Protein chains: 2
Amino acid sequence: MDRGAAKKKRPGGRSAQVRARVQAAVIELLSDRQLEEVTIPRVAERAGVHQATIYRRWGSVAGLVDDVVAERVGELAPIPDTGTLRGDLELAAIRFAEVIAPLGGIMIRAAALSTPHADTSVSFQKRAGQLQAMLDRATARGEKTPTLTELLEGITAPLYFHQLFFGRPADSDHAKALVDRLLIYVEAAR
Amino acid sequence: MDRGAAKKKRPGGRSAQVRARVQAAVIELLSDRQLEEVTIPRVAERAGVHQATIYRRWGSVAGLVDDVVAERVGELAPIPDTGTLRGDLELAAIRFAEVIAPLGGIMIRAAALSTPHADTSVSFQKRAGQLQAMLDRATARGEKTPTLTELLEGITAPLYFHQLFFGRPADSDHAKALVDRLLIYVEAAR
DNA sequence: CTTCTAACGCGACTTTCTTCGCTTTTGGAT
DNA sequence: ATCCAAAAGCGAAGAAAGTCGCGTTAGAAG
């Protein structure tokens, strides 16, 4: 009767294997094909999984990509908790910039694929929630804290932009500079 | 004998009309559909043009979007010269946000659609040069002036981001707030 | 005004994507 | 060990995307 770890019905079984193989296939295809050529039948073939399985679980390429991004971002760039806002922001920014690199333009493609309203993007929602929690911790400590929007616009947006237009991630010094800029503004404006 | 304006064989004829209608259809579809749902048959239907025509001239959705972007980039808001840095920045930001609106993040989607390394386009370089000139004027007036990178990251990136993730452009108040944020930082840091 | 030809329209045809009902497998629970 | 249900496999049928050859249209040049 629910011994804690059993949140999902079958966490370590065949379904999980299928998911892993499908995700791997998506990343492979996305990294050496044009986005338009990444189709569900192709993913199915490379993953060695039946098409219908993918249609049932993910529904569309957008769903697939979103799932991949949500998975990778969560595991590769956990939200830090260093005890200070600046520390959290710097770590988060640096990790995010690093994650964006191997994933290449995948995240950007994911964003481009998703509906106008990001409200439906699983990965975006998840990320936003984590970041908000980080900010809440800072507020609870009595620090002057930016809003989530300011954080997204001051840190995330420039990092995306960098990857998108320059084809390479921002380095850690650059990431720190962005944090610095945001904090200077928050100090000055509040 | 090349009398100047006759670069293309039939600049003002039926082909041009077809192109205009197709581009309009692309923009319409792209602004209220998911990228995945923008297909050539749909574009053809909305434009009132035969499918085969589009396949022949543009080949793919990526080709279509590229063409639209190339066309519209020329219409980008001119760089203002109001006499003050703040005025220039605010006008530029507001205009840019407006231009981005009907295009509905198309430029970003175009980048996402194209091959892995979407190298920095000519239009981007041109734009960057114009903005640099604007900054140079401010410096010449003796104002504390951000770098081009700071401008791109502080203004342009958030505006893109806004459109991309929220599906709507930033309003002019928001654009002004971004300018304010950038200038506060520049004042504080210099 | 006639001719030439690039570009478009048309519709049939091929390929690929997507859905559906059914069977089989499998992980978890009793 | 046995049972149960969720999820995967399977293949066929249907829908949509993409291709092709040929006839037609309409700018542009003489």
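As the structure is a computational prediction, the values presented were derived from the model and not from experiment. Chain letters run A, B, ... following the sequence lines, proteins first, then strands; residues in each count from 1.
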Partners passing salt bridge (charged side-chain N to carboxylate O under 4.0 Å, His left out) against B:Asp180 (at least two apart in sequence or in another chain): B:Arg86
Euclidean distance, atom CD1 of residue A:Ile54 to atom P of C:dT19 [Å, nearest integer]: 13 Å
Euclidean distance, atom CZ of residue A:Arg14 to atom P of C:dG27 [Å, nearest integer]: 7 Å
Under the salt bridge (charged side-chain N to carboxylate O under 4.0 Å, His left out) test, residues paired with B:Arg46 that sit two or more places apart: B:Glu28
Helical bend (five base pairs per end, nearest 10°) for the helix from C:dC1-D:dG30 to C:dT30-D:dA1: 40°
Please output the side-chain donor-acceptor pairs of residues 53-62 of chain B that fall under 3.5 Å, not counting sequence neighbours, one pair per line with the distance.
{"from": "B:Arg57", "atom 1": "NH1", "to": "B:Ser15", "atom 2": "O", "distance (Å)": "3.2"}
{"from": "B:Trp58", "atom 1": "NE1", "to": "B:Asp67", "atom 2": "OD2", "distance (Å)": "3.0"}
{"from": "B:Ser60", "atom 1": "OG", "to": "B:Ala62", "atom 2": "N", "distance (Å)": "3.4"}
{"from": "B:Ser60", "atom 1": "OG", "to": "B:Gly63", "atom 2": "N", "distance (Å)": "3.2"}

Atom-pair distance (CD on B:Gln17; P on C:dC8), nearest Å: 12 Å
Aromatic plane relationship, B:Phe161 with A:Tyr160 - under 30° parallel, 30 to 60° tilted, over 60° perpendicular: tilted
Nucleotide D:dG9, atom C1' - distance to CZ of A:Arg21 in whole Å: 12 Å
For atom CD of B:Glu36 and atom P of C:dC17, their distance in whole Å: 13 Å
Sequence-distant partners of B:Glu143, salt bridge (charged side-chain N to carboxylate O under 4.0 Å, His left out), two or more places apart: B:Arg141
Sequence-distant partners of B:Ser172, side-chain contact (heavy atoms from CB on, under 4.5 Å), two or more places apart: B:Ile94
For A:Asp81, salt bridge (charged side-chain N to carboxylate O under 4.0 Å, His left out) partners two or more places apart: A:Arg137
Residues forming a side-chain contact (heavy atoms from CB on, under 4.5 Å) with B:Asp136, sequence neighbours excluded: B:Gln132
B/S/- contact track for nucleotides 10-17 of chain D, protein heavy atom under 4.0 Å: BB-----S
